[in-house]
Amino acid sequence: MINQPVWVQLAYLLAAVCFILALKGLSSPRTARGGNLVGAFGAVLATVVVLTQINVGLTRMVAILVAIAVGTALGFVGARRVQMTQMPQLVALFNGVGGGAAALVALLELARFQGESPSHFTLFATAFTILVGSVSFAGSVVTFAKLQELMTSRPVVFTGLPVVFGGALLAAVVLSVALIAGTTTVWVGVLLALVGLLAGLLLVLPVGGADVPIVISLLNAFTGLTVAAGGYVLGNTLLLVAGTLVGASGTFLTKLMAAAMGRPVSNILFGALKGGSTLGAGEASDRPVRSAGPEDVAILLGYANKVIVVPGYGLAVAQAQHTLRELVDVLGDRGIKVDYAIHPVAGRMPGHMNVLLAEAQVPYEQLREMDDINGEFKQTDVVLVVGANDVVNPAAKTTPGAPIYGMPILNADEAQQIVFMKRSMRPGFAGIENELLFDPKTTLLFGDAKDSLGKLLSAVKSL
Ligand code: TAP
């Protein structure tokens, strides 16, 4: 890098600035699209500059260009086809590929070191990249399989798992020390990669249900650190900067998501090993509830002065955001004050509800964060819970031992009336019953959210 022409160094600097601006842009729904484009520009710039700098002969260059074309085509088709609700597993897959690629590059560098005597720090960075990149790859593949329902999403634990996991960590330390001490045969690196794959597998298997997206974010941070270390090995400062940015943002996101769920990260990773499952039983209840049709709910809404809408995962599944916005507009035209209460972990990824509602052109001022709106439920006539469950489940406050115990929730239970729109009595992601469904103040409007909202909209219009 140091020996590279000034224009190349300037181009890398520009790419690094683009990545920083992209992160800044992604911090608000208003600027997210622009931020994404700036980041993509930085990545394309970096790739093109790298291509102009490598000297590998025509055949290899053709192979590299073919690989880029195949990767671009797969990424393009994958990203266009994926549903918003499947975004976490797409991120997991991209993240795993990044970690795996960094580990492979470090292995190749190790092969290049033969006959040379690299510094201990370079060897440390190489061992780190191989190990953590492999952990990230294997862990990400398991999280992908869990979220895509290719395997059970429940925690997988077996007797002796902590011992095998501990053994893998010990082996990783021994192999890394051997490598740093100068045993730079490629086989040590390959063994380290295999141990990393095993550790990644065992790290993620015991994580279940709602905790999986948090682990994706943690693995994302791992990949960032791997890429940064890879940048050191290759002497490429752009990789160092980009990797550090990913590592830092992944770490922050992991901490924020864990805090929003009221759980320490260690509990998310190792909770199932201590005997407490991170996922409830998931049975549908057959206890009696009060249900009503769209016309009854329309009357309830028609008499209200203040309504709060609590959107959740089911709104995204039903793709009912446009119908919901129409309903809220009609209620607003009738002089009813309506706000959306946004829980930080509603849906399946950070900002899920913000993105969904922004897509339906809901004004940002109507989206109120949990801490901001939680004091207003007491003065609210009707809370309309659309495809949400865990984020209003009082068990988070009242039931020690419940998987969501300690998670801050929206105080929907304090309102005068609560209307739940869902298809059945099945629980939410945490798999536990919601007492609020059986509260005398609660009415259930059963059905797919889009269908029910359509009927409710017609009923409100004809009041
Ligand atoms: P959930 O608790 O998962 O509840 C979703 C509800 O939507 C269910 O009650 C489901 O009931 C209903 N539903 C599903 N499809 C529907 C449809 N087509 N029409 C109507 N209703 C439908 O969702 P939530 O309240 O948004 O909570 C999110 C959960 O995910 C929390 O446990 C959170 O910790 C976890 N989580 C979130 C994140 C992030 S960052 N957002 C990350 C990790 C974990 P029916 O099946 O009966 O319809």
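Just so you know, ligand 1 is whichever comes first in the structure, and atom 1 is the first atom listed for that ligand. Any value given below was found using the heavy atoms of this structure, including those in side chains, with hydrogens, waters and symmetry copies removed.
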| Heavy-atom pair with the smallest gap, counting every atom of A32 and L26 | O-CD2, 3.6 Å

| request: Flag the pair R287 and E435 as a salt bridge only when some basic side-chain nitrogen lies within less than 4.0 angstrom of an acidic carboxylate oxygen. | output: yes

| field | K441 bridged to D413 by N-O distance under 4.0 Å | value | no

| said: Restricting to ring-ring contact (aromatic ring centres under 6.0 Å, His included), what partner residues turn up for F124, sequence neighbours left out? | reply: F121

| remark: Per the under 4.0 Å non-hydrogen criterion, ligand 1 touches A210, P213, M257, M261, G312, Y313, G314, V317, A318, V345, A346, G347, R348, M349, P350, G387, A388, N389, D390, V391, M421, K422, R423, S424, R426, G428, F429, G447, D448, A449

| query | Do E359 and H322 pass the side chain to side chain contact (heavy atoms under 4.5 Å, CB included) test, and can you show the C-alpha distance, the side-chain angles, and the key distance before you say yes or no? | reply | CA-CA 8 Å; E359 196 189 308; H322 297 278; 4.1 Å; yes

| field | F158 atom CZ, neighbour heavy-atom count above 12 within 6.0 Å | value | yes

